[in-house]
Amino acid sequence: MEEAKQERKKRILSGIQPTGVFTLGNYIGAIRNWKQMQEDYDCAYFIADLHALTVRQDPAELRKRTREAFALLLACGIDPEKSLVFIQSHVRAHAELNWILCCNALFGDLGRMTQFKDKSAKHADNINAGLFTYPVLMAGDILLYQADYVPVGADQKQHLEYTRDIAERFNRIYGEVFKIPDAYIPKAGARVMSLADPTKKMSKSDENPNGFISILDEPNVIMNKFKRAVTDSETEVVYREGKDGVNNLMTIYSVMTGQSFDEIEQEFRGHGYGDFKKAVGGAVADELQPIRDEFKRLAGEKAYLDGLFARGAETAERISQRTLTKVKKKVGLILP
Ligand code: TYM
């Protein structure tokens, strides 16, 4: 996010929670696009560690995972020379804007969020206020950087709509402060499904490790998980309503190889699912290999990573303070 570039390029912002090694779903739905967008946009990407606190975390584990997540982003090709990369909690403005926005967020709107309902059901012993106001923190993340586009998977669409709503309401009440962002949801791969149950989203927190591919899985593990992937009792590799398992594998293969569904159908005409699954596993293993290698290399680069944390925090602090200062003035706070 260099100053000179800001006038010419549209701004992109997105984040990911450090709640485990990223999955193929995170990669296809988000990070792979983040990498490509670096060439044409002014990009900022961050590790959403404050969001992770909405579910009970082991403190030492969270610290480890946050470092790991940062290194994983770099390993996936997010280049700190091209993009601003930072850790959310290093930038005070996120928590500060969250409070101000919370005072303008309506209880009824937040209660309608599907993620809140899902997570409350899953963590019934810890339905905390942070879980409820999670979309407000997320809206603040985006609005602080005046982002034009937010590249996310389909599961974040409702949160993006909420961000637009709260920004519009704030602008209406206090005057123009926030740019109204658009979600950028990829056409293919916006919702990668579990390999064990293709009616469910692929998720890092799945208890069944066969349901998800971690981007650090070894090639033989990847091949085995695809071999076991749940499909159906037919034999034809075609994209069709009701063939959730095959549709999911075709989507993954299409993103990995750049082939259309028609081309994939032709390639596997007359072959069974076995050959197809082997090809999908192979394509995924090949794409993830350099990421795993680079991640291993970065594990030994502690000082380099610490330096990037500091640099990212400093730049993000500067950019976010501009918006926060405007917001504080608008709502009537005296600046220190
Ligand atoms: P998180 O950490 O759950 O996921 C990170 C990104 O990965 C996408 N994703 C998927 N895409 C396709 N198929 C899947 N199975 C799949 N699973 C996850 C998500 O849509 C997301 O884009 N609330 C956010 C983090 C966040 C954020 C933000 C994002 C916090 N503040 C501001 C954008 C802007 C989240 O929990 O993502």
Side-chain angles (χ1 to χ4, degrees), residues 14 21-40 76-77 149 151-157 182-204 206 208-292:
S14 203
V21 174
F22 305 157
T23 67
L24 187 64
N26 296 130
Y27 180 71
I28 289 180
I31 304 168
R32 198 171 186 273
N33 306 314
W34 299 0
K35 179 186 172 194
Q36 286 163 1
M37 292 176 123
Q38 295 181 113
E39 308 309 324
D40 301 313
C76 287
Y149 302 115
V152 285
D155 61 336
Q156 298 298 319
K157 188 164 173 254
D182 281 307
Y184 174 94
I185 296 174
K187 285 197 188 77
R191 193 170 167 82
V192 176
M193 309 308 276
S194 157
L195 299 185
D197 176 358
T199 60
K200 263 180 29 193
K201 187 185 76 164
M202 183 182 283
S203 161
K204 336 180 178 81
D206 194 334
N208 179 358
N210 286 324
F212 63 91
I213 301 287
S214 138
I215 62 170
L216 296 179
D217 277 345
E218 298 286 336
N220 63 324
V221 175
I222 296 176
M223 294 305 284
N224 273 329
K225 286 184 181 176
F226 277 106
K227 202 160 125 192
R228 288 204 201 118
V230 170
T231 46
D232 52 53
S233 55
E234 299 175 10
T235 53
E236 249 184 316
V237 178
V238 283
Y239 195 98
R240 197 192 307 132
E241 174 117 24
K243 287 175 79 76
D244 295 333
V246 171
N247 295 350
N248 189 37
L249 296 181
M250 285 182 75
T251 302
I252 294 170
Y253 194 63
S254 166
V255 173
M256 292 293 114
T257 62
Q259 292 187 69
S260 67
F261 291 152
D262 279 351
E263 287 165 338
I264 298 171
E265 286 174 13
Q266 267 173 30
E267 186 183 343
F268 294 96
R269 187 158 295 151
H271 295 256
Y273 288 163
D275 283 352
F276 177 50
K277 287 175 169 181
K278 225 183 269 172
V280 184
V284 169
D286 285 352
E287 172 127 356
L288 298 183
Q289 178 76 48
I291 296 176
R292 219 176 41 255

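Scope of the values below: all heavy atoms of this structure, side chains included, with no hydrogens, waters or symmetry mates.
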For the pair [X] and [Y], find out whether any cationic side-chain nitrogen is under 4.0 Å from an anionic carboxylate oxygen.
X	Y	answer
R240	E265	no
R191	D155	no
K35	E39	no

Could you measure the distance from the [atom1] atom of [X] to the [atom2] atom of [Y]? Nearest 0.5 Å is fine.
X	Y	atom1	atom2	answer
N26	I215	CG	CD1	8.0 Å
M250	Q259	CE	CD	9.5 Å
I252	M202	CD1	CE	5.0 Å
K227	I222	NZ	CD1	14.5 Å
F276	T235	CZ	OG1	13.0 Å

Exercise. Considering residues, nucleotides and ligands other than K204, do more than 12 of their heavy atoms fall under 6.0 Å from its NZ?
Worked result: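 Count over threshold, so yes.
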Problem set entry | Neighbour count >12 (heavy atoms, 6.0 Å) for atom CD, E236 |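 Atom CD in E236 is not crowded, with 12 or fewer foreign heavy atoms closer than 6.0 Å.
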For this session: Could you list the residues that satisfy side-chain hydrogen bond (donor to acceptor under 3.5 Å, both in side chains) with N247, not counting sequence neighbours?
Result: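 Counting only residues at least two positions away or on another chain, N247 forms no side-chain hydrogen bond (donor to acceptor under 3.5 Å, both in side chains).
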Is it the case that the side chain of [X] and the backbone of [Y] share a donor-acceptor pair, with hydrogens and angles ignored and the cut-off at 3.5 Å?
X	Y	answer
W34	S14	no
D217	S214	yes
K225	P209	yes

Exercise. In a check of side-chain contact (heavy atoms from CB on, under 4.5 Å) between I28 and each of V192, T23, T251, I213, which one passes?
Worked result: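 Of the listed options, the one satisfying the test is V192.
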For this session: Could I get the full list of salt bridge (charged side-chain N to carboxylate O under 4.0 Å, His left out) partners for D244, not counting sequence neighbours?
Result: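 Listed in chain order: nothing, the list is empty.
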Non-hydrogen atoms of [X] and [Y] that approach each other most closely:
X	Y	answer
G281	F226	CA-CD1, 3.5 Å
P290	D286	CD-O, 3.3 Å
C76	I31	CB-CG2, 3.6 Å
V237	G272	CG2-O, 4.5 Å
D206	S194	OD2-OG, 4.0 Å

Exercise. Which pairs pass side-chain hydrogen bond (donor to acceptor under 3.5 Å, both in side chains) with one or both residues in residues 271-282, sequence neighbours excluded?
Worked result: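 Passing the test, one end in residues 271-282: D232-Y273, K243-Y273, H271-D275.
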Problem set entry | Stepwise side chain to side chain contact (heavy atoms under 4.5 Å, CB included) test for V284 and E287 | CA-CA 5 Å; V284 169; E287 172 127 356; 5.9 Å; no
For this session: Test D262 against S260 for side-chain hydrogen bond (donor to acceptor under 3.5 Å, both in side chains), laying out the working first.
Result: CA-CA 5 Å; D262 279 351; S260 67; 5.3 Å; no
Exercise. Do V246 and V238 have side chains that get closer than 4.5 Å, going by heavy atoms?
Worked result: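 They are not in side-chain contact.
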Problem set entry | Within-4.5 Å side-chain heavy-atom neighbours: L195 and F212 |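 A side-chain contact under 4.5 Å is absent here.
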Exercise. Distance only, no hydrogens: is a donor on one side chain within 3.5 Å (strictly under) of an acceptor on the other, for E263 and Y253?
Worked result: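 Note: E263 and Y253 side chains miss the donor-acceptor criterion.
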For this session: Walk me through it: do Q289 and R292 pass the test side-chain hydrogen bond (donor to acceptor under 3.5 Å, both in side chains)?
Result: CA-CA 5 Å; Q289 178 76 48; R292 219 176 41 255; 3.2 Å; yes
Exercise. What about the rings of Y239 and F261, do their centers lie closer together than 6.0 Å?
Worked result: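 Between Y239 and F261, the centre distance is under 6.0 Å.
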Exercise. Is the Y27-F22 ring centre distance short of 6.0 angstrom?
Worked result: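 Centroid separation for Y27 and F22: 6.0 Å or greater.
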